[in-house]
Asks: 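Okay, handing you the structure first.
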2 protein chains.
Amino acid sequence: MNTKQQIVAYSADMLRTRGFNGFSYLDISRELGITKASVHHHFPKKQDLGLALCEWTEEWLVQGFKHFEEHGISEWDKLQRYARAATKHCLSEQMMCPISALHGDLNKLPLEMQQALQVLDNIELDWVSRVLQAGIDAGEFKAADDPRGLASVFIFSCKGALYYARLHGKELFHQTMQQFEKLIKE
Amino acid sequence: MNTKQQIVAYSADMLRTRGFNGFSYLDISRELGITKASVHHHFPKKQDLGLALCEWTEEWLVQGFKHFEEHGISEWDKLQRYARAATKHCLSEQMMCPISALHGDLNKLPLEMQQALQVLDNIELDWVSRVLQAGIDAGEFKAADDPRGLASVFIFSCKGALYYARLHGKELFHQTMQQFEKLIKE
DNA sequence: GTCTATACACCGATAGAC
DNA sequence: GTCTATCGGTGTATAGAC
C-alpha cells in the first residue's frame, strides 16, 4: 500500500471515529511518520481528501452489495449480510458508518462533498429498496406501498444503532435489527 | 432573558446545526454583541457550556413528553405528537436533534458529557418504550417481545430522517414516519 | 458583568530546498 | 516524495482593569 492509499485508509478510520472535522493533517502525519507538508503533497486541500473518502466509501458500498447478493439466498439474508458487514466494519471497532459521519458534519462540508454524499445515500437507498421490493414480491415481507420509505426505516435503524452502540453497548444493535425483522415479516 | 440564558439558547441552535465542536465562543460573542471573555465569565470552560446544553436538552425532552401525554388520546397519537415536535423544532429549521448532534461528536466529548448523554438517551428510550408497550397492551400495535428494541427502531427512524432531510428534503421525514406506522399497526 | 490584552496550541495551507 | 520553515487564522482559556 503506497503512501496515498495509507492516507486514505487512516483517514477513513478517523472519519468513522471522529468525523471529518475531527482529525487533521497533523494526525495523519503522525500516524504515517511523515510531515504535514507531505500529506498536502498527496491531497493539497482537505476537500481533496474528503472527495477521496467519498470515493472510498462508494467503493466500499458497491463491493459490499456485490457480496451480499449471492444467488439463491433469501432477500432477508441479503439484509442480514448488510447488517453483518456493519457489525464487522463499524460496530466491532466502535465506529460509525462513514455516511453517518459525513451527515453529522454536513453544514461544514464544501458543496462538492455534500453532492457526493447525496450520491452515496442514493446508492444505498436504491439497493435496500430493491431488496425490500424483491422480498415483498416473493411474499417474504409484508406488502408496503413505499419501498423507499421502508428502506429508510431499515437504514436509519441500522445506522442509529451503530451510533448508540458506541455508548450503550453492542447488544443494542442486535436488538434493534431483530425487532425490525419481526416488523417486516408476517 | 439574561445573558446566560441567551448563551445557552444560541448554543442550542448551533449545536443542532453544526455540532458541539462546530461553534466557538467567538461565534457566541458575535451573536450576542459581547466579547469572548464575557462568555467565559458565564461558562469558564466549554465543558461547562456543554453540560448546560445537556440540561437544556433534558428539560426540552421532559417538557415535550408532558405535552404529548394528553389524557384520552391514542398511543399512536402520542408518538405522532413526538414526531410533530421534531418537525417543529428541528426539521423546519434544518436542524438535527440535539441528542444526535452530541452522538456525532461522542469521541471528542469530555467524559461527564458522555455520561449526561447516556442519561438523555435513557429518558427518551424509556418514554417511547412505555408508550409502545401501552399501545401493544391496548391492541393498538402488533405484539412485540422487546418494546425497547422497538423503541430503538422508532427513535432511530425519526432521528435518521431528520439527518437525511437536511440533504434530501423534508418529504423524506414524513415518508419514513408513515412507513413505520404501517409496520407497527396491523 | 463586561472589557482589553494576551497566551499557547492547533488548523489548513504554501514556498522552496533536497 | 519528503523535508524545514513559515504564514494567517482560529480554538480554548486566563489575567487584570473598570
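A note on names: the letters A, B, ... follow the listed sequences, proteins ahead of strands, and every chain is numbered from 1.
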Asks: Can you pull out the residues from residues 102-116 of chain B that lie within a 4.0 Å heavy-atom distance of DNA chain C?
Replies: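 When residues 102-116 of chain B is checked for heavy atoms under 4.0 Å from DNA chain C, there are no hits whatsoever.
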Asks: Using atom types as modelled and distance alone, determine if a side-chain donor or acceptor of Arg16(A) lies under 3.5 Å from a backbone N or O of Ala12(A).
Replies: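 Looks like yes, one N/O pair under 3.5 Å.
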Asks: Let's see if you get this right: which residues in residues 1-10 of chain A place a heavy atom under 4.0 Å from DNA chain C?
Replies: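 Listed by number, there are none.
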Asks: Report all interatomic pairs (protein N or O, nucleotide N or O of nucleotides 11-16 of chain D) with separations under 3.5 Å.
Replies:
unit_1  : atom_1 : unit_2   : atom_2 : d
dG11(D) : OP2    : Ser24(B) : OG     : 3.3
dT12(D) : OP1    : Lys46(B) : NZ     : 3.1
dT12(D) : OP2    : Tyr25(B) : N      : 3.1
dT12(D) : O4     : Lys36(B) : NZ     : 3.0
dA13(D) : OP2    : Lys46(B) : N      : 2.6
dA13(D) : N7     : His40(B) : NE2    : 3.1
dT14(D) : OP1    : Lys45(B) : NZ     : 2.9

Asks: Parallel under 30°, tilted from 30 to 60°, perpendicular over 60°: which one fits the rings of Trp60(A) and Trp56(A)?
Replies: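 Trp60(A) and Trp56(A): parallel rings.
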Asks: Would you please say whether a donor-acceptor pair under 3.5 Å links the side chains of Asp137(A) and Gln133(A)?
Replies: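 Asp137(A) vs Gln133(A): donor-acceptor pair found between side chains.
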Asks: In terms of ring plane angle, is the pair His168(A) and Tyr164(A) parallel, tilted or perpendicular, where the classes change at 30° and 60°?
Replies: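 Parallel: the ring planes of His168(A) and Tyr164(A) meet at under 30°.
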Asks: If the plane angle is over 60° it's perpendicular, under 30° parallel, otherwise tilted; pick one for Tyr82(A) and Phe68(A).
Replies: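 Rings of Tyr82(A) and Phe68(A): perpendicular, over 60°.
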Asks: Any luck finding a side-chain donor-acceptor pair between Trp76(B) and Glu181(B) under 3.5 Å?
Replies: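 Side-chain D/A pair, Trp76(B) to Glu181(B): present.
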Asks: Is His41(B) near enough to dC3(C) that one of its side-chain N or O atoms lies under 4.0 angstrom from OP1 or OP2?
Replies: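 No.
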Asks: Distance check: side-chain N/O of Thr35(A) vs OP1/OP2 of dT2(D), anything under 4.0 Å?
Replies: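 No, outside the criterion.
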Asks: Using only atom types and a distance under 3.5 Å, with no angle test, would you say the side chain of His40(B) pairs donor to acceptor with the backbone of Lys36(B)?
Replies: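 No, because the side chain of His40(B) does not come within donor-acceptor range (under 3.5 Å) of the backbone of Lys36(B).
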